Number of protein chains: 2
Amino acid sequence: MSDAAPLIREDAPATGPQTGAKFNGASLHGEVLGRLRDYIVEGHLSDGARVPERQLCEMFGVSRTPLREALKVLASEGVVDLLPNRGARVRTLNERDIHELFDLMAGLEALAGRLACESITDEEVAEIERLHHEMYSFYLRRDMPGYFEANQAIHRLIVAAARNNALAAAYDGYAGRIRRIRYGANLARKRDRWGEAMREHEAILDALRRRAGVELSDILFIHLRNKQVAALEQMTEPRPIQA
Amino acid sequence: MSDAAPLIREDAPATGPQTGAKFNGASLHGEVLGRLRDYIVEGHLSDGARVPERQLCEMFGVSRTPLREALKVLASEGVVDLLPNRGARVRTLNERDIHELFDLMAGLEALAGRLACESITDEEVAEIERLHHEMYSFYLRRDMPGYFEANQAIHRLIVAAARNNALAAAYDGYAGRIRRIRYGANLARKRDRWGEAMREHEAILDALRRRAGVELSDILFIHLRNKQVAALEQMTEPRPIQA
DNA sequence: GCAGTAAATATTGCATTCAAAATTTTCTGA
DNA sequence: TCAGAAAATTTTGAATGCAATATTTACTGC
């Protein structure tokens, strides 16, 4: 099992390098949390499978303590379920969960839009306008990845303009959980839905320019609801995400 | 060190009895999490004070492992901050934090109202009506605690009627964090604000009856914004909560 | 064969241990 | 007396140990 040396963990499998700046590397717990969340959200432990504690420890090159701490946090985030004396199980999102999360995100973005109108600067609006035009040209060129990126950037800017860290944190958290589904939804974007989305974005930009908070809020909600429909269609139709 | 008997831990200080049914007693971690969160949110560790790990362990009668697991979760909830190698610090809510949380709650309730209108049953509306009238009579009698209770119940029912567990979980989480401030806000409710709140509640009920989602959403948001103003006034005016 | 049970194994939850910080206390020399 | 350094102490972060519970495997009687 364990030979003597490896405590130093410089040889730990794939721990150091690829971690980038993304995870809180200050503590093992922080790093393991980030990596494990990604690992699970990315679907590597698909299905309601038992989370193999020991195995993950070896994989991350840490002891069970920080791993288990990370699991508690993931449980509180709803990423895994904790069964008494039976460990953690991956909580796979069923259609209803996705529906709920999309609605919640829609509500958060609607809120962000409303708040943003209260304090967004002309410069920020200009930046969003710029991104909007960029996105539009991606649309004309049928460049999905580019479009997706610009789209995300706009939504992020709106959330940032809301000047509410608690909201931003909540938004990021949920966005992380459904990012795979969102991406899938965009991949399968049908031509007509795409055009519709562009038109909605026109309305978003317009409301933002006028600082029409309530209106923007409503448009954003509907916009995300429509995206949800597309995502759910994509989810059920082709294949259940992981075959 | 360990003689045979004491593992049973029936003599653990103040662990068993007062735990009530509130916390997830299935695991020590779950119980400690609930109790520690309460302990902190109730203000027993006020100010940005260092969280005394050892002391809390004794107090809860557990080892550091479950306590530290709980701390990680509380950190992810924003209740404490984790300083590398320097432990956890109570994160005290400044005025801005409270403003942010109130706005976020307002957004969540606005969402709940909108969703509720999509699927609330006549029975549920009737129950809310009943509570509304109850609340009104508390208002007439100037019975603050009773009013507060009925008020909370109405808001909870609206969230429940949204049929969105993710939303409900988020709502409960944030509500827990600011419950002390909310209570304070209600205690200090000025006569005129109270009457205003009642009128807003009339409008809420009316919109709910008509299943006017967008309208209800807007009323709820404004209602909570007004409550926020009252809360912040109360917060800054009298004294900073803990002397 | 195979349902049902008992032994063997693995996993879990928590306590304990230990090295590396951080903090506090004690010393030192103006 | 007191600023600054050194030593002692405490606290932290993480690994390891251990009893209790689950799970798997091996066995028994049909």
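Computed from a predicted model, the values in this text were never measured in an experiment.
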Sugar-phosphate, base or nothing in reach of L83(B), heavy atoms under 4.0 Å: sugar-phosphate
Nearest whole angstrom, please: distance from the C1' of dT16(C) to the CZ of R54(B). 14 Å
When rounded to whole Å, the CD to C1' distance for the pair E58(A) and dT11(C) reads 14 Å
Charged N to carboxylate O under 4.0 angstrom, E109(A) versus R225(A)? no
Phosphate OP1/OP2 of dA15(D) contacted by R64(A) side-chain N/O (<4.0 Å): no
E53(B) CD to dA21(C) C1': how many Å, rounded? 14 Å
So, R114(A) and E118(A), do they make that salt bridge, N to O below 4.0 Å? no
Check the distance between dA14(D)'s P and E69(B)'s CD and give it to me in whole angstrom. 13 Å
For dG13(D), does OP1 or OP2 lie under 4.0 Å from any side-chain N or O of R68(B)? yes
Between dG13(C), dT11(D), dG13(D), which nucleotide gets closest to the side-chain atoms of N85(B)? dG13(D)
How are the rings of Y39(B) and F60(B) set relative to one another: parallel (under 30°), tilted (30 to 60°) or perpendicular (over 60°)? perpendicular
Is any side-chain N or O of T65(A) under 3.5 Å from a base N or O of dA15(D), one able to act as donor and the other as acceptor? yes
L56(A) CG to dT11(C) C1': how many Å, rounded? 13 Å
Between atom CG in L71(B) and atom P in dT12(D), what is the gap in whole Å? 9 Å
Could you tell me whether a side-chain N or O of D81(A) sits under 3.5 Å from a main-chain N or O of R89(A), the two making a donor and an acceptor? no
Could you tell me how far apart L67(A) (CG) and dC14(C) (C1') are, to the nearest whole angstrom? 16 Å
Verify the contact: side-chain N or O of R86(A) to OP1 or OP2 of dT21(D), cut-off strictly under 4.0 Å; return yes or no. no
Within this structure, what is the CZ-to-C1' distance between R89(A) and dT12(C), rounded to whole angstrom? 12 Å
Flag the pair R156(A) and E149(A) as a salt bridge only when some basic side-chain nitrogen lies within less than 4.0 angstrom of an acidic carboxylate oxygen. yes
